2 protein chains.
Amino acid sequence: MNKLKQKISEKTIERLSIYRRYLKDLQKNGKDRVYSHELAQLVSGTAAQVRRDLMQVGSNGCSSKGYEVSMLIDEIAKLLDCSEKQNIALIGVGNLGRALLGYFSGSRENYDIVALFDNAPDKCGRVICGKRCYSMNQLTEIVKEQKISTAILAVPAEAAEETAQNLIDAGIKAILNFAPRHITTRSRVFIETLDMTKALEKAIYFSRKNT
Amino acid sequence: MNKLKQKISEKTIERLSIYRRYLKDLQKNGKDRVYSHELAQLVSGTAAQVRRDLMQVGSNGCSSKGYEVSMLIDEIAKLLDCSEKQNIALIGVGNLGRALLGYFSGSRENYDIVALFDNAPDKCGRVICGKRCYSMNQLTEIVKEQKISTAILAVPAEAAEETAQNLIDAGIKAILNFAPRHITTRSRVFIETLDMTKALEKAIYFSRKNT
DNA sequence: TTCACGCTGTGTAATATTTCACAATTAAAG
DNA sequence: CTTTAATTGTGAAATATTACACAGCGTGAA
Ligand SMILES: NC(=O)c1ccc[n+]([C@@H]2O[C@H](COP(=O)([O-])OP(=O)(O)OC[C@H]3O[C@@H](n4cnc5c(N)ncnc54)[C@H](O)[C@@H]3O)[C@@H](O)[C@H]2O)c1
Ligand SMILES: NC(=O)c1ccc[n+]([C@@H]2O[C@H](COP(=O)([O-])OP(=O)(O)OC[C@H]3O[C@@H](n4cnc5c(N)ncnc54)[C@H](O)[C@@H]3O)[C@@H](O)[C@H]2O)c1
């Protein structure tokens with residue numbers, strides 16, 4: 001409830017996303033209340049941590065009855081979501097890009113991929129998975145036209161930095177980058193890199209360290 | 001140099017993986033020395049953090065000449081890699097699985113996908129991207145036979161938990177999970193979940209918060 | 001009503017991670 | 001040889017994140 005804008009940490013935002021997905025499942029299954037310790041399992045955390053996270057969205061849990069599922073979903077949505085559906089662009093419609101396109105297309109309430117971009121002539125102009133693929137030099141135009149805020153970047157590593165800069169210049173405000181390259185920028189655009197090679201090497205390392 | 005086994009944090013392991021990838025690029029380009037502040041840019045960190053990371057692998061940087069690239073690569077390899085090439089299994093050869101298969105197959109020095117598993121009859125028995133796909137009931141047998149330590153899990157969310165338990169029972173020591181499900185286990189197996197939906201929702205959130 | 005129980009909200013402590021800051025070291029120039 | 005400039009290694013401080021612990025409340029049973 002308190003509108004004192006203390007900044008919410010990235011970690012908390014991530015967990016809220018996870019809580020919400022689970023809460024929607026609960027709702028589908030007819031469960032209408034949930035305890036902090038149940039949510040805690042989702043993130044291998046403690047109940048106290050969950051309660052702290054939920055405080056930040058203006059939680060109103062009830063002693064001994066826990067939290068009301070539908071209200072929690074609403075409160076998290078109020079924080080995470082924008083009032084209008086967010087338009088997303090996918091840059092690079094290759095092997096990974098196509099998988100992501102199928103995965104993220106439709107069935108999401110608050111965002112949708114609305115445009116594809118690629119520099120391969122055989123892809124530009126085509127409609128893939130119901131979405132039109134544009135050439136890179138239409139980027140600025142389409143981003144403005146469709147009010148695209150966020151881009152998923154799935155181009156080869158060599159092209160990642162330059163493409164990211166083009167996206168920023170076109171007015172994109174956040175990038176989810178799948179290329180195994182760290183992208184530096186002086187602008188205040190949010191860039192999240194999902195580095196699968198890093199993740200796999202880490203898993204391999206810890207496969208020998210545990211037990 | 002000091003063999004006092006202080007545990008190295010996950011964060012440091014991740015950064016070492018990133019440093020190494022960059023160092024190999026440098027090596028290809030003929031650069032044979034590197035400064036901590038150069039590596040720092042890679043991870044949006046500080047030079048001091050890089051030096052701390054490198055201390056943990058037994059760094060031997062040289063004042064005013066920085067670190068020797070080839071030696072750093074060797075030291076990091078000594079920590080991250082096993083002496084033998086690690087065998088990886090891919091579970092779930094769907095849209096994402098096939099993309100991952102292409103991405104991680106070959107061209108990696110220290111690990112390789114050696115077996116695929118799926119429960120779809122039309123996939124079992126086939127060879128995809130040069131790798132044989134087995135049925136799930138051959139899991140334990142093949143894992144033992146091929147000494148598979150680590151698995152990439154790309155099955156539907158509903159099947160993720162059960163499949164993960166099967167992997168653990170079969171002797172897998174680490175799992176890289178792409179299903180949007182947290183996997184709980186009482187065993188000491190390492191499980192890393194790469195949650196793309198979480199990452200995208202986070203990006204969308206911060207697209208409105210920055211600037 | 002009264003009590004016991006279980007859960008939330010939160011101050012405080014503990015831990016983890018990052019950054020600062022500087023002595024020591026090396027290279028190179030004068 | 002001496003000075004200057006740059007970089008490493010690292011103790012200590014700062015910050016971020018998580019966990020503990022308990023007061024207070026709501027619920028249901030007696
Ligand atoms: N395939 C995977 O499973 C996987 C896994 C992890 C990371 N990645 C990373 O994701 C990225 C894409 O991988 P992929 O397997 O889909 O590669 P891909 O070669 O199949 O697809 C790349 C696509 O990007 C397009 N492209 C190339 N340069 C471009 C540019 N300058 N501007 C716009 N489009 C351009 C190409 O035309 C192609 O359609 C790579 O950086 C890769 O390292 C892929
Ligand atoms: N496609 C993407 O880009 C994407 C992105 C993010 C996350 N994911 C997640 O990755 C997972 C796979 O996604 P996908 O798009 O490849 O799905 P998919 O349906 O294309 O592929 C799933 C594969 O798993 C197999 N499978 C199903 N149940 C199984 C079981 N019990 N044991 C073994 N194999 C089984 C199926 O036969 C199929 O081949 C899902 O959990 C999805 O949520 C996918």
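All values below come from the heavy atoms of this structure, side chains included, with hydrogens, waters and symmetry mates left out. Note that the structure is predicted; figures quoted are calculated from it, not measured.
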Looking for any heavy atom pair under 4.0 Å, which part of the strands does B:Arg15 touch: base, sugar-phosphate only, or nothing?
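Sugar-phosphate: the residue B:Arg15, judged by heavy atoms under 4.0 Å, touches backbone atoms but no base.
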Need one value for A:Ser64: base, sugar-phosphate or nothing, where a base atom within 4.0 Å counts as base even if backbone is also close, heavy atoms only.
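Counting heavy atoms under 4.0 Å across all strands, the contact made by A:Ser64 includes a base.
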Verify side-chain hydrogen bond (donor to acceptor under 3.5 Å, both in side chains) between A:Asp53 and A:Gln49, making sure each step is shown before the conclusion.
CA-CA 6 Å; A:Asp53 288 338; A:Gln49 184 177 58; 5.6 Å; no
Kindly indicate whether the side chain of A:Arg52 and the base of C:dT8 share any N or O donor-acceptor pair separated by less than 3.5 Å?
no
Atom CD1 of A:Ile8 and atom NZ of B:Lys209: how far apart are they, to the nearest 0.5 Å?
7.5 Å
Could you work out which one of [options] sits closest to the side chain of [X]?
X: A:Ser63; options: C:dG9, D:dT8, C:dT8; result: C:dT8
X: A:Ala48; options: C:dC7, D:dT18, C:dT10; result: C:dT10
X: A:Ser59; options: D:dT7, D:dA19, C:dG9; result: C:dG9
X: B:Met55; options: C:dT17, D:dG9, D:dA19; result: D:dG9

Under 4.0 angstrom between [X] side-chain N/O and [N] OP1 or OP2:
X: B:Lys65; N: D:dT7; result: no
X: B:Tyr67; N: C:dT26; result: no
X: B:Thr46; N: C:dT19; result: yes
X: A:Arg51; N: C:dG9; result: no

Least distance between heavy atoms, A:Val93 atom then A:Ile128 atom
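Nearest heavy atoms, A:Val93 then A:Ile128: CG1-CD1, 3.9 Å.
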Is the ring pair A:Phe190/B:Phe206 parallel, tilted or perpendicular, if the boundaries are 30 and 60 degrees?
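Plane angle under 30°, so parallel.
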